[in-house]
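Have a look at the structure below before the remarks.
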Amino acid sequence: MIHIAVLGSTNMDLVTYVAKAPQRGETVTGREFRTIPGGKGANQAIAAARAGATVSMIGAVGNDDFGARLRDTLEHSGADTDSLRTVEGQSGTAHIVVDDEGGNAIVVIPGANGTVDHLSPGDEGVIASADALLLQLEIPLDAVIAGAEAARRHGVRTILTPAPAQPLPPELFAATDLLVPNEYEAVTLTGRTDPREAAIALLEVVPEVVVTLGAVGSLYVARGTEPLLVPAPRVTAVDTTGAGDTFAGALAVALAEEKPVREALSWAAAAAALSVQREGASVSMPYRPEIEAQYTA
Ligand code: RIB
């Protein structure tokens with residue numbers, strides 16, 4: 001069975017659903033409030049587990065009620081939490097406003113995620129035993145770099161979602177095999193506004209790039225090959241929170257299974273399309289049989 005390791009964040013998402021997000025200084029009445037387990041790391045772990053992989057989650061939760069629920073949610077989706085530490089203090093939280101078009105705005109308070117600034121004893125062994133390591137940027141950069149470099153030492157493929165968007169140091173690019181930014185992150189990293197130009201510019205620092213383009217699909221570029229645009233299924237989105245994480249988790253599984261790139265991207269797009277039709281991040285992620293039913297080659 002495919003084994004995916006994830007080094008990253010866990011957040012409790014505090015989600016407000018409202019017709020239109022308020023402007024500065026404005027007060028509006030929303031429709032619903034929910035607490036939903038999320039965090040880019042945990043979301044990717046759950047997406048990969050539901051897509052059929054054995055998953056190890058490396059990170060931290062606080063010793064509060066949210067932490068216990070975050071751990072439970074991972075375990076219920078089949079992810080191993082032996083490397084998920086419980087630390088003194090609050091778990092990470094994400095304060096999310098979702099509007100009637102399915103768009104969102106998010107403020108993250110790192111909490112326990114901020115303590116994940118290095119690899120703990122045992123983490124390198126977990127990474128070494130995986131087929132791929134999924135990384136994002138909601139834990140301190142030092143740990144992301146240490147994880148990527150550990151994976152590199154053991155010949156494990158590293159897949160980095162550079163979110164939240166920020167400039168990155170050369171040593172992280174040097175230890176990244178596949179970079180999966182969205183359009184906004186690709187622009188932040190390169191200063192180019194055209195996603196195709198941004199993707200090609202990123203090939204100077206990493207060998208493979210997938211730019212996710214929301215409802216349009218995704219653009220794959222690799223050194224020495226023609227860019228490949230793979231469309232996404234047409235669906236009506238109710239909540240896009242975690243769509244990129246669903247895509248990354250499913251993509252890691254598909255690539256580890258050695259699906260050809262076009263097929264892997266379509267498969268990941270099918271998973272993401274299913275997730276945006278339901279509310280919430282982790283709870284919206286599809287199980288493998290649903291992905292197989294939605295997927296068209
Ligand atoms: O990518 C979506 C995630 O970003 C949410 O679940 C939230 O926790 C924020 O980290």
Side-chain angles (χ1 to χ4, degrees), residues 6-17 21 33-50 57-62 64 66-67 69-74 77 79 84 90-99 102-116 134-141 143-144 159-166 179-186 188 210-214 218 237-252 268 271-286:
V6 182
L7 171 60
S9 60
T10 56
N11 294 327
M12 187 56 76
D13 291 352
L14 311 177
V15 191
T16 299
Y17 294 91
F33 170 75
R34 290 175 67 189
T35 56
I36 304 174
K40 294 183 195 305
N43 290 344
Q44 294 190 0
I46 289 170
R50 292 187 177 187
M57 177 73 205
I58 307 169
V61 293
D64 52 5
F66 285 165
R69 205 172 134 204
L70 290 165
R71 183 182 294 281
D72 269 9
T73 305
L74 280 156
S77 288
L84 184 68
Q90 289 183 341
S91 295
T93 51
H95 303 254
I96 306 180
V97 176
V98 178
D99 64 31
N104 63 46
I106 306 180
V107 177
V108 171
I109 307 292
N113 298 306
T115 69
V116 187
L134 281 163
L135 298 156
Q136 331 72 35
L137 302 175
E138 283 187 337
I139 58 172
L141 212 44
V144 179
I159 302 175
L160 171 64
T161 301
Q166 56 189 274
L179 190 69
V180 189
N182 65 18
E183 287 171 85
Y184 175 72
E185 291 146 8
T188 303
V210 174
V211 181
T212 56
L213 303 168
S218 61
V238 299
D239 185 353
T240 57
T241 312
D245 300 326
T246 309
F247 183 92
L251 181 65
L274 286 160
S275 77
V276 302
Q277 294 174 74
R278 306 164 188 161
E279 288 185 348
S282 61
V283 291
S284 71
M285 289 167 183

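Counting starts at 1 for both ligands and their atoms, following the listed order. As a basis for the values below, the full set of heavy atoms in this structure was taken, side chains included, without hydrogen atoms, waters or symmetry mates. Because the structure is predicted, anything quoted here is derived from the model rather than measured.
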Using a 4.0 Å cutoff against the non-hydrogen atoms of [X], which atoms of ligand 1 qualify?
X	result
Ala94	7 (C), 8 (O)
Ala281	6 (O)
Gly38	6 (O), 8 (O)
Asp245	1 (O), 2 (C), 3 (C)

task = Inspect the surroundings of CD in Gln90 and state if more than 12 heavy atoms from other residues, nucleotides or ligands are less than 6.0 Å away.
result =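 Open.
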ask   = Would you say Gly242 contacts ligand 1, with heavy atoms under 4.0 Å as the rule?
value =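 The answer is yes, since Gly242 has a heavy atom less than 4.0 Å from ligand 1.
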inquiry  = Test of understanding: with side-chain hydrogen bond (donor to acceptor under 3.5 Å, both in side chains), list the residues that count as partners of Asn113, not counting sequence neighbours.
reply    =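 Applying side-chain hydrogen bond (donor to acceptor under 3.5 Å, both in side chains) to Asn113 gives Asn11.
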request  = Give a yes or no answer on whether the side chain of Asp245 reaches the backbone of Gln44 with a donor-acceptor pair at less than 3.5 Å.
outcome  =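 Flag not set: sc Asp245 to bb Gln44 has no pair under 3.5 Å.
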key: Side-chain (Glu138) to main-chain (Lys40) donor-acceptor, under 3.5 angstrom   =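 Confirmed, Glu138 side chain pairs with Lys40 backbone.
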query = Looking only at distance, does Gly39 have an N or O less than 3.5 Å from an N or O of ligand 1?
reply =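 N/O-N/O distance under 3.5 Å: yes.
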Among all protein heavy atoms in this structure, tell me which lies nearest to [atom], with the distance rounded to 0.1 Å.
atom	result
atom 3 (C) of ligand 1	Asn43 ND2, 3.6 Å
atom 9 (C) of ligand 1	Glu138 OE2, 3.4 Å
atom 6 (O) of ligand 1	Asp13 OD2, 2.6 Å
atom 4 (O) of ligand 1	Lys40 NZ, 3.1 Å

Side chain proximity check, Thr16 to Leu14, heavy atoms < 4.5 angstrom =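 No; the side chains remain at least 4.5 Å from each other.
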task = Would you check if Leu135 and Thr161 make a side-chain contact, meaning some heavy-atom pair closer than 4.5 Å?
result =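 No, every pair of side-chain atoms sits at 4.5 Å or beyond.
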task = Could you check Asp64, Thr35, Thr10, Val61 and say which one makes a side chain to side chain contact (heavy atoms under 4.5 Å, CB included) with Arg69?
result =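 Among Asp64, Thr35, Thr10, Val61, the one that satisfies the side chain to side chain contact (heavy atoms under 4.5 Å, CB included) with Arg69 is Thr35.
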